**Student:** 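My structure is below; once you've seen it, I'll send some questions.
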Amino acid sequence: LDRMVDDEVAPDEYTLPALLKCCSLASQNESTRAEELFTRFIGPVRLNRHVKSQLRVAVSPARAKQLCAWAASTRPECLLPPRGQHGRGGSGSLGRGRGRSAGPGNGSHARGGRRGMAR
């Protein structure tokens with residue numbers, strides 16, 4: 001961790017959960033290290049479901065809830081949507097799950113079967 005910081009490599013939304021998972025899988029209890037990682041990097045790193053999930057495993061569900069509440073009150077930037085995204089259904093949405101248009105490949109053929117196939 002110290003070498004990462006010295007090299008100016010900081011965890012992000014992908015690597016912080018991986019680091020927390022490493023703490024939970026270590027042969028000796030690394031819950032203290034997991035708390036240190038979380039409290040040091042949450043803020044610039046968003047508090048997403050992956051971070052929460054791995055934190056619960058690395059410390060305990062009750063302690064993770066306390067740490068998440070602490071993060072929300074002291075580092076509200078951790079609650080912002082991920083960089084480059086505007087949330088669901090925003091201008092960046094591809095509109096998935098909002099109905100299907102008729103066309104090849106999605107079961108819209110007149111008889112419900114494949115064209116040219118013998119019955």
Side-chain angles (χ1 to χ4, degrees):
L1 176 63
D2 292 330
R3 275 196 344 214
M4 280 179 53
V5 173
D6 289 344
D7 292 341
E8 297 181 10
V9 176
D12 61 17
E13 286 83 3
Y14 300 99
T15 56
L16 182 57
L19 290 168
L20 294 171
K21 184 172 187 168
C22 289
C23 291
S24 69
L25 296 174
S27 58
Q28 54 193 4
N29 187 348
E30 293 287 345
S31 61
T32 303
R33 175 67 53 105
E35 284 192 36
E36 177 187 338
L37 285 166
F38 180 81
T39 57
R40 186 170 187 175
F41 294 111
I42 203 66
V45 175
R46 304 300 190 247
L47 185 57
N48 63 27
R49 66 185 171 104
H50 305 291
V51 172
K52 290 178 188 178
S53 172
Q54 292 305 322
L55 184 63
R56 280 192 294 271
V57 174
V59 292
S60 73
R63 183 64 181 143
K65 188 174 182 177
Q66 292 171 341
L67 289 167
C68 289
W70 167 84
S73 66
T74 61
R75 300 191 180 160
E77 66 273 19
C78 75
L79 301 175
L80 296 173
R83 292 169 204 74
Q85 294 184 9
H86 303 286
R88 295 178 184 237
S91 60
S93 173
L94 296 175
R96 290 187 198 125
R98 296 182 184 218
R100 294 180 171 215
S101 60
N106 59 10
S108 63
H109 296 113
R111 285 177 260 152
R114 293 186 183 174
R115 291 183 185 164
M117 297 286 295
R119 291 189 192 245

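As the structure is a computational prediction, the values presented were derived from the model and not from experiment. Note that these values count all heavy atoms, side chains included, but never hydrogens, waters or copies made by symmetry.
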**Student:** For the CD atom of Gln28 and the SG atom of Cys23, what is their distance to the nearest 0.5 Å?
**Tutor:**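 Rounded to the nearest 0.5 Å, the CD-SG separation comes out at 10.5 Å.
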**Student:** Could you pull out all residues at least two apart from Arg63 that satisfy salt bridge (Lys or Arg N to Asp or Glu O under 4.0 Å)?
**Tutor:**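 Partners of Arg63 under the salt bridge (Lys or Arg N to Asp or Glu O under 4.0 Å) test: Glu35.
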**Student:** Under the side-chain hydrogen bond (donor to acceptor under 3.5 Å, both in side chains) test, which residues partner Thr39, sequence neighbours left out?
**Tutor:**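 Thr39 satisfies side-chain hydrogen bond (donor to acceptor under 3.5 Å, both in side chains) with no residue once adjacent residues are dropped.
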**Student:** Got a sec, which residues hit side-chain contact (heavy atoms from CB on, under 4.5 Å) with Thr32, two or more places apart in sequence or on another chain?
**Tutor:**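 Scan of Thr32 (side-chain contact (heavy atoms from CB on, under 4.5 Å), adjacent residues dropped) gives none.
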**Student:** Considering only residues two or more places apart or on different chains, which pairs with a residue in residues 68-80 satisfy side-chain hydrogen bond (donor to acceptor under 3.5 Å, both in side chains)?
**Tutor:**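 Those involving residues 68-80 do not exist here.
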**Student:** In the single-linkage hydrophobic clustering (I, L, V, M, F, W, Y; side-chain heavy atoms under 4.5 Å), do Leu79 and Phe38 co-cluster?
**Tutor:**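 Both belong to a single hydrophobic cluster.
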**Student:** Under the salt bridge (Lys or Arg N to Asp or Glu O under 4.0 Å) rule, collect the residues that match up with Glu30, sequence neighbours excluded.
**Tutor:**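 For Glu30 there are no salt bridge (Lys or Arg N to Asp or Glu O under 4.0 Å) partners, ignoring immediate neighbours.
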**Student:** Tell me every residue that passes side-chain hydrogen bond (donor to acceptor under 3.5 Å, both in side chains) with Thr15, counting only those two or more places apart in sequence or in another chain.
**Tutor:**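 For Thr15 the side-chain hydrogen bond (donor to acceptor under 3.5 Å, both in side chains) partners, ignoring immediate neighbours, are Asp12.
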**Student:** Does anything in residues 17-29 form a salt bridge (Lys or Arg N to Asp or Glu O under 4.0 Å)? List the pairs, not counting sequence neighbours.
**Tutor:**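 Not a single pair qualifies under salt bridge (Lys or Arg N to Asp or Glu O under 4.0 Å).
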**Student:** Can you name the closest pair of heavy atoms from Ala58 and Ala34 and give their distance?
**Tutor:**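 Minimum heavy-atom separation between Ala58 and Ala34: CB-CB, 3.6 Å.
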**Student:** With a 3.5 Å cut-off and sequence neighbours excluded, list the donor-acceptor pairs that the side chains of residues 47-57 form with protein atoms.
**Tutor:**
residue: Asn48; atom: OD1; partner: His50; partner atom: N; Å: 3.0
residue: Asn48; atom: OD1; partner: Val51; partner atom: N; Å: 2.8

